[in-house]
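Below you'll find the structure, written out as structure tokens, and then a few comments.
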Amino acid sequence: MRKSAVLCGLGAYLPEKVVTNDDLAKIMDTTDEWISSRTGIRERRVVEPGVSTGDLAVHAGARALKSAGGEPADLVILATSTPDHPCPATAPFVAHRLGLVDTPAWDLSAVCSGFLYGLSAASSFITAGSARRVLLIGADAFSTILAPADRGTRPIFGDGAGAVVLRPGDPDEPGALGPSVLGSDGSLRELITVRAGGSREPLDPADPEQEGRYFTMRGRSVFRHAVARMTAATTEVRERAGWRPEDVDCLVAHQANRRILQAVAERLALPMERCALHLDRVGNTAAASIPLAMADAVADGRLKSGHRVLLTAYGGGATWGAAALSWPSITPQPA
């Protein structure tokens, strides 16, 4: 019988420090009204100095494993664009700290689409029989790559981590992953970028203010491409799953900003009441945003066992994706 990857554990973690819009207004030319009216974001969580993406990932990963019953994973994938170091990857040390000895582990970089890319990779390992229990973590500490006074990016992003555990199961059982779609367009690489610090443009130790060392984003172009790609990808997986718009119980989209979510929901003929939405309290948490949104939607009763769920994201690269999922009966470990 054909096997599917089945979601069986969910964990979330947010750093304790809260930065409100009023806090940002004290250090840059902005206001709470300006930020909240354009993004829907009121506050976000950020890491304290010395706390890394790997630290966030360990907390979320441990909670997901506990939610799944405590059995160890035999594969770890960490989706992130803010690794602890350029080299080595962060995932092996995360696996080590979780007690997953000799377990294969690697980083996956697809920016805000990273969780969906990881979900597809995890599903492939499980259905091929190459892994029996996969821990997939989406974690980012974007506050560490933002220019301190950039009012175009700093109000948008927050830090956090979310994780899921997947196992083999039947295609018809709650938690089974359905169709998925992934895509990329490298001609749009300049839309979302940290230009310096890689092999093409190394950091200059003599220039601490080197142009390109911080994250930049072309917001209007990102909005246009994100809405088009997320809508098309989500429509494709919905149709492949055999669902009509009215059959969808919840859309869990990457929490980029409220305007993007509203535009995508409108084009998918889904009312906002059926959309997971928590960016007002955490901001855009990049690769962590979908699992964090899932945990929040379970906590507020929006996601229940058997619900038909669509996931979608758009991120730097450009990358995008969507997936269908029937929601399992699980108790997530909250943030």
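Counting from 1, the numbers follow the sequence of the chain as shown.
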State, to 0.1 Å, how close [X] and [Y] come at their nearest heavy-atom pair, and which atoms those are.
{"X": "Ser109", "Y": "Ser81", "value": "OG-OG, 4.3 Å"}
{"X": "Ser184", "Y": "Tyr117", "value": "CB-OH, 4.0 Å"}
{"X": "Val252", "Y": "Ala276", "value": "CG2-CB, 4.1 Å"}
{"X": "Leu191", "Y": "Ser221", "value": "CD2-CB, 3.6 Å"}
{"X": "Val134", "Y": "Asp74", "value": "N-OD1, 4.4 Å"}
{"X": "Pro72", "Y": "Leu100", "value": "CB-CD2, 3.7 Å"}

If Ile, Leu, Val, Met, Phe, Trp and Tyr residues are connected whenever their side-chain heavy atoms lie under 4.5 Å apart, and connections chain through other members, are [X] and [Y] in the same group?
{"X": "Val51", "Y": "Val46", "value": "no"}
{"X": "Phe215", "Y": "Val222", "value": "yes"}
{"X": "Ile290", "Y": "Leu119", "value": "yes"}
{"X": "Val6", "Y": "Leu75", "value": "no"}
{"X": "Leu146", "Y": "Tyr214", "value": "no"}

Is it true that the side chains of [X] and [Y] contain a donor and an acceptor less than 3.5 Å apart?
{"X": "Thr53", "Y": "Thr82", "value": "yes"}
{"X": "Asp185", "Y": "Ser187", "value": "yes"}
{"X": "Ser305", "Y": "Ser329", "value": "no"}

Quick one: [atom1] on [X] to [atom2] on [Y], what's the gap to the nearest 0.5 Å?
{"X": "Thr30", "Y": "Ile35", "atom1": "OG1", "atom2": "CD1", "value": "3.5 Å"}
{"X": "Arg302", "Y": "His307", "atom1": "CZ", "atom2": "NE2", "value": "11.0 Å"}
{"X": "Gln255", "Y": "Thr39", "atom1": "CD", "atom2": "OG1", "value": "12.0 Å"}
{"X": "Leu261", "Y": "Arg259", "atom1": "CG", "atom2": "CZ", "value": "12.5 Å"}
{"X": "Leu177", "Y": "Ser4", "atom1": "CG", "atom2": "OG", "value": "7.5 Å"}
{"X": "Phe125", "Y": "Ile77", "atom1": "CZ", "atom2": "CD1", "value": "6.5 Å"}

Counting neighbours of [atom1] on [X] that are heavy atoms of other residues, nucleotides or ligands and sit closer than 6.0 Å, is the number greater than 12?
{"X": "Glu211", "atom1": "CD", "answer": "no"}
{"X": "Arg132", "atom1": "CZ", "answer": "no"}
{"X": "His96", "atom1": "NE2", "answer": "no"}
{"X": "Glu246", "atom1": "CD", "answer": "yes"}

Subject >> Given Val248, Val181, Leu251, Leu311, the one that forms side-chain contact (heavy atoms from CB on, under 4.5 Å) with Thr234 >> reply: Leu251
Subject >> Passing option when His254 is tested against Thr285, Asn284, Val264 for side-chain contact (heavy atoms from CB on, under 4.5 Å) >> reply: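 Testing His254 for a side-chain contact (heavy atoms from CB on, under 4.5 Å) against Thr285, Asn284, Val264 leaves exactly one candidate, Asn284.
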Original post:
Would Arg281 and Asp296 satisfy salt bridge (charged side-chain N to carboxylate O under 4.0 Å, His left out), going step by step from the backbone distance to the final call?
Top reply: CA-CA 11 Å; Arg281 287 157 282 147; Asp296 186 76; 2.9 Å; yes
Do the charged groups of [X] and [Y] touch, with an N to O distance under 4.0 Å?
{"X": "Arg44", "Y": "Asp159", "answer": "no"}
{"X": "Lys3", "Y": "Glu173", "answer": "no"}
{"X": "Asp249", "Y": "Arg274", "answer": "no"}

Original post:
Okay, side chain of Arg189, backbone of Gly317: is any donor-acceptor separation there less than 3.5 Å?
Top reply: no
**OP:** Would you verify whether the NZ or CZ of Arg238 falls within 45 degrees of the ring axis of Trp243 while also being under 6.0 Å from that six-membered ring's centre?
**Re:**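 Geometry flag: not set, cation outside 6.0 Å or 45°.
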Original post:
Can we call the ring centroids of Phe93 and Trp106 under 6.0 Å apart?
Top reply: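 So the answer is no for these two rings.
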